[in-house]
Amino acid sequence: MNANNQIDMLDETLKIYFLESAKTDETSLHQELSVILSNDNPVEMPDAMRLKLMNRLKDALQQVSFGQLITEALQSNNIEADNLAELTGLPVPVLKELQADTVFTNNVPIVFLKKLLNSLNISYQVAEQAIRNTFELLQHRIPSSASYNGVTPAFKKGNLSSIESFIKNMPKTSGKELFQNEEALNRYLNRLNELMNS
């Protein structure tokens, strides 16, 4: 696998932490930004603040992604990916993508995910948090789905000479917008909870 496709968990955690803290208090963000940008004096951090920061980073790093959860479960259950693929019906490439956290979990058919969780003895509560963590990681990695490359307005003069040209100019999103949003994730997890508890 290409090294550029690997997720650096510490880097992603720091990005998420920064983005979450930016949402809460805008004035302190501006103060912190001005301190960071002014290179006049090195800033000393009080021990209490340093401890608080390290504890929050430790908590953030202890949150596992869905890929890490699958990898740990495979190791603890001594199951090969090929055998798991046979048990669950999931293709091996999809399992590899799930392990590498390169695919949205709610893009996997829910029945197959239920079989995967049952085969690895993973509870819904543990899986839900890991799926949400992976979703957050992937959300920060993808570009906005609102911008389609190469799409021009259909009403522009000379744009549509035939139906074939209209089909050619349609955005090639392959339905990603259907599962790359929080509402879709929540519905998916609610249905997964129903299936796991039935």
Checklist outcome for this item: CD (E86) and CG (L84) are apart, to the nearest 0.5 Å, by 10.0 Å
Checklist entry - Under a 4.5 Å cut-off applied to non-hydrogen side-chain atoms, are I70 and L120 in contact? => result yes
Checklist entry - In Å, rounded to the nearest 0.5 Å, how long is the span from CZ of F104 to CD1 of I131? => result 13.0 Å
Item to check | Test side chain to side chain contact (heavy atoms under 4.5 Å, CB included) applied to V94 and V103, step by step | outcome: CA-CA 8 Å; V94 173; V103 65; 5.6 Å; no
Checklist entry - Which heavy atom of T134 sits nearest a heavy atom of S65, and at what distance? => result OG1-CB, 3.3 Å
Checklist entry - Taking only residues two or more places apart in sequence, or in another chain, which ones meet D82 in a side-chain hydrogen bond (donor to acceptor under 3.5 Å, both in side chains)? => result none
Checklist entry - What's the shortest heavy-atom distance between L95 and A81, and which atoms? => result CD1-O, 3.6 Å
Checklist entry - Taking only residues two or more places apart in sequence or in another chain, which ones pass side-chain hydrogen bond (donor to acceptor under 3.5 Å, both in side chains) with Q129? => result N133
Next on the checklist: Applying a strict under-4.5 Å side-chain criterion to I, L, V, M, F, W and Y, I'd like to know whether M49 and L51 cluster together.
Outcome noted: no
Checklist entry - Looking at CG of N107 and CG of L185, how far apart are the two atoms once the value is rounded to the nearest 0.5 Å? => result 12.0 Å
Item to check | Test side chain to side chain donor-acceptor pair (under 3.5 Å) applied to E97 and T102, step by step | outcome: CA-CA 5 Å; E97 288 176 339; T102 57; 5.0 Å; no
Checklist entry - In chain order, what residues pass the side-chain hydrogen bond (donor to acceptor under 3.5 Å, both in side chains) check against D47, with sequence neighbours excluded? => result R50
Would you give me the side-chain donor-acceptor pairs under 3.5 Å for residues 108-119, sequence neighbours excluded?
from : atom 1 : to   : atom 2 : distance (Å)
K114 : NZ     : L195 : O      : 3.4
N118 : ND2    : K114 : O      : 3.4
S119 : OG     : K115 : O      : 2.7

Next on the checklist: If the condition is side chain to side chain contact (heavy atoms under 4.5 Å, CB included), which residues does E80 pass it with, not counting sequence neighbours?
Outcome noted: N83
Checklist entry - How long is the gap from CG on N181 to CG on N106, to the nearest 0.5 Å? => result 8.0 Å
Checklist entry - Do L69 and I79 share a hydrophobic cluster (ILVMFWY, side-chain heavy atoms under 4.5 Å, transitive)? => result yes
Checklist entry - Can you list the residues that meet the side chain to side chain contact (heavy atoms under 4.5 Å, CB included) rule with S76, with sequence neighbours excluded? => result none
Next on the checklist: Would you compute the distance between atom CD of Q99 and atom CD of E72 and round it to the nearest 0.5 angstrom?
Outcome noted: 11.0 Å
Checklist entry - Under the side chain to side chain contact (heavy atoms under 4.5 Å, CB included) test, which residues partner E128, sequence neighbours left out? => result Y124, R132, L189
Checklist entry - In Å, rounded to the nearest 0.5 Å, how long is the span from CZ of F66 to CG of L137? => result 13.5 Å
Checklist entry - Which residues satisfy the side-chain hydrogen bond (donor to acceptor under 3.5 Å, both in side chains) test with N190, sequence neighbours excluded? => result none
Item to check | Under the salt bridge (Lys or Arg N to Asp or Glu O under 4.0 Å) test, residues paired with E194 that sit two or more places apart | outcome: R191
